[in-house]
There are 2 protein chains.
Amino acid sequence: MRSSLKTKENIELVKEFKEFIKKKGLKYTSEREEILKEILKVKDHFDVEELYMKLRGKGSKISKASVYRTISLLIEAGYIQEVYRQNARSYYEVTLDKIPHLHFICIKCKKVEEIIENELIKLIQKHSKQKNYAPLTYHLEIFGICSDCIKSIS
Amino acid sequence: MRSSLKTKENIELVKEFKEFIKKKGLKYTSEREEILKEILKVKDHFDVEELYMKLRGKGSKISKASVYRTISLLIEAGYIQEVYRQNARSYYEVTLDKIPHLHFICIKCKKVEEIIENELIKLIQKHSKQKNYAPLTYHLEIFGICSDCIKSIS
DNA sequence: TTTAATATTGAAAATAAATTTCAATTTGAA
DNA sequence: TTCAAATTGAAATTTATTTTCAATATTAAA
Ligand SMILES: [Mn+2]
Ligand SMILES: [Mn+2]
Ligand SMILES: [Zn+2]
Ligand SMILES: [Zn+2]
């Protein structure tokens, strides 16, 4: 898992991605760079369609196939993670320096809230160590009804 | 979340499912009963294909569409849950009286291990309460490399 | 038990996200 | 510059799941 990249400038992250690509014997293309830069602008969760439409809105000619292909590379490089699914669609999030992905998902309004809970994270890590797992990442999804939706029900 | 149904006989669970169906104004069919009975035999995780093939192996003529339809009802009734996905396919598990679904998933061999960790479960519940969530269920997935795969790498 | 309204079924078609194919283009080491 | 190899966009394909629909089964009422 990547860590402490919060303060890194995007320009440096782009350079690192180029190195990652080169190290794999692949070719560094303008499409790959453009997609990474666009992803680094996204604050929260995104899906392929959203990202693709943002690129198109800027006049980019990048294909959806390339978006899918670059997302795979960015996951491998540790820049993003698939964090949940909704309506048969994958959602991603930039994971640079962020603590792992704990989400509360409302089954009524489909809202997804981040959970920040260090105690939970420590316990997960402790458990993994005990069981001899080498954890790379982990997801916790709590499904339920959010406080807004509880109000509108009662 | 259902609880303490561990000791219930299958025959009683089947009766409860019939009541659930009736209460919804639906019709109780032999297909629905047959699918529930087959699911109650499964010890671990299963997917639709697996379940469908088991039924076919017994000479059943139930269609895959009905398997999908009944699974939706059983989720709604609280008998099963979708516990994870692999290769774009949903996996389910009987959830009667079981503690929530915490899984370690090996990214090399794709093995899925159950995690039994009461401390974790308590902490998740405590957090939900604090945040005013009404949790219905939750999933924790730790992705990493299992102890077997670590050996074969080094 | 018969009736009739309505839900359910199996089979086939549809859906849609993700992946693959392939010819044209781009990249980058020599 | 050269050129083998990787990448691209567009279209085709894949595949789990959902939907459609005519035939059939269920169930409550007559
Ligand atoms: Mn998140
Ligand atoms: Mn499980
Ligand atoms: Zn809500
Ligand atoms: Zn493994």
Side-chain angles (χ1 to χ4, degrees), chain A residues 14-15 17-39 45-53 55-56 58-77 80-92 110, chain B residues 14-15 17-38 45-56 58-77 80-92 110:
Chain A
V14 169
K15 211 183 292 176
F17 184 53
K18 184 170 183 177
E19 281 165 28
F20 169 85
I21 291 292
K22 293 285 181 175
K23 213 164 283 174
K24 275 183 72 82
L26 303 178
K27 290 173 178 175
Y28 193 69
T29 64
S30 60
E31 289 84 356
R32 287 173 176 166
E33 181 166 315
E34 202 177 337
I35 290 166
L36 170 57
K37 283 181 175 168
E38 198 59 40
I39 283 174
H45 306 141
F46 64 93
D47 61 16
V48 168
E49 186 63 26
E50 224 176 289
L51 182 57
Y52 175 67
M53 291 315 277
L55 288 162
R56 298 224 86 197
K58 298 178 57 179
S60 173
K61 291 286 194 303
I62 293 175
S63 69
K64 213 178 264 189
S66 283
V67 174
Y68 276 108
R69 290 186 279 231
T70 303
I71 280 180
S72 294
L73 286 168
L74 289 168
I75 289 173
E76 204 190 322
I80 62 177
Q81 276 183 33
E82 188 193 321
V83 283
Y84 63 92
R85 294 177 55 86
Q86 204 158 80
N87 301 120
R89 193 180 286 216
S90 291
Y91 285 80
Y92 305 90
K110 308 291 179 186
Chain B
V14 170
K15 211 184 291 175
F17 184 53
K18 185 171 183 176
E19 281 165 27
F20 169 84
I21 292 291
K22 292 285 182 177
K23 214 164 281 171
K24 275 184 72 84
L26 303 178
K27 291 172 179 176
Y28 193 67
T29 65
S30 61
E31 289 84 356
R32 285 173 177 167
E33 182 166 316
E34 203 176 336
I35 291 166
L36 170 56
K37 283 180 175 170
E38 198 59 40
H45 306 141
F46 65 93
D47 61 14
V48 167
E49 186 62 25
E50 226 176 289
L51 182 57
Y52 174 68
M53 291 315 278
K54 262 188 193 143
L55 289 162
R56 299 225 84 198
K58 299 179 58 180
S60 174
K61 291 285 195 302
I62 294 174
S63 69
K64 212 177 264 188
S66 284
V67 174
Y68 275 107
R69 290 186 280 230
T70 302
I71 280 180
S72 294
L73 286 168
L74 289 168
I75 289 172
E76 202 189 324
I80 62 176
Q81 276 182 36
E82 187 193 323
V83 285
Y84 63 91
R85 295 179 54 87
Q86 205 158 80
N87 301 122
R89 191 180 288 214
S90 290
Y91 285 81
Y92 305 91
K110 307 291 180 187

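Below, chain A is the first sequence line, B the second, and so on; all start at residue 1.
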Legend entry - Helix axis bend for the helix from C:dT1-D:dA30 to C:dA30-D:dT1 - C1'-based end axes, five pairs, 10° rounding: 30°
Round to a whole Å and report the spacing from [atom1] of [X] to [atom2] of [N].
{"X": "B:Leu55", "N": "C:dT9", "atom1": "CG", "atom2": "C1'", "value": "15 Å"}
{"X": "A:Glu33", "N": "C:dT26", "atom1": "CD", "atom2": "P", "value": "17 Å"}
{"X": "B:Glu34", "N": "C:dT8", "atom1": "CD", "atom2": "P", "value": "17 Å"}

Legend entry - Any B:Val67 side-chain heavy atom under 4.5 Å of B:Ile62 side chain: yes
Inset, instruction - Quick one, give me the B/S/- string for nucleotides 7-16 of chain D, reading 5' to 3', where B means a protein heavy atom under 4.0 Å from the base and S means that only happens at the primed atoms, P, OP1 or OP2. - result: SBBB-----S
Legend entry - side chain to side chain donor-acceptor pair (under 3.5 Å) partner of A:Tyr28, the single match among A:Glu19, A:Glu33, A:Lys18: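 Considering A:Glu19, A:Glu33, A:Lys18, a side chain to side chain donor-acceptor pair (under 3.5 Å) with A:Tyr28 is found only for A:Glu33.
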Inset, instruction - Could you tell me which residues satisfy side chain to side chain contact (heavy atoms under 4.5 Å, CB included) with B:Glu38, sequence neighbours excluded, listed by chain and number? - result: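 B:Glu38 satisfies side chain to side chain contact (heavy atoms under 4.5 Å, CB included) with B:Lys41, B:Leu51, B:Lys54, B:Leu55, B:Lys58 once adjacent residues are dropped.
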Inset, instruction - Mind checking side chain to side chain contact (heavy atoms under 4.5 Å, CB included) for B:Gln86 and listing every partner two or more places apart, or none if nothing turns up? - result: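 Once residues adjacent in sequence are excluded, the partners of B:Gln86 under the side chain to side chain contact (heavy atoms under 4.5 Å, CB included) criterion are B:Tyr84, B:Tyr91, B:Ile105, B:Lys110, B:Val112.
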Inset, instruction - Please name all residues satisfying ring-ring contact (aromatic ring centres under 6.0 Å, His included) with A:Phe46, sequence neighbours left out, ordered by chain then number. - result: A:Tyr92
Legend entry - Straight-line distance of B:Glu34 CD to B:Ser66 OG, nearest 0.5 Å: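 The CD atom of B:Glu34 sits 10.5 Å away from the OG atom of B:Ser66.
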Legend entry - Pairs involving residues 60-69 of chain A, ordered by first then second residue, that meet salt bridge (charged side-chain N to carboxylate O under 4.0 Å, His left out) (sequence neighbours left out):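 Counting only pairs at least two positions apart or across chains, the salt bridge (charged side-chain N to carboxylate O under 4.0 Å, His left out) contacts touching residues 60-69 of chain A are A:Glu49-A:Lys64.
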Inset, instruction - Pick base, sugar-phosphate or nothing for B:Lys22, based on heavy-atom distances below 4.0 Å to the nucleic acid. - result: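 The residue B:Lys22 makes sugar-phosphate contact but no base contact.
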Legend entry - B:Arg56 atom CZ, over 12 foreign heavy atoms within 6.0 Å: no
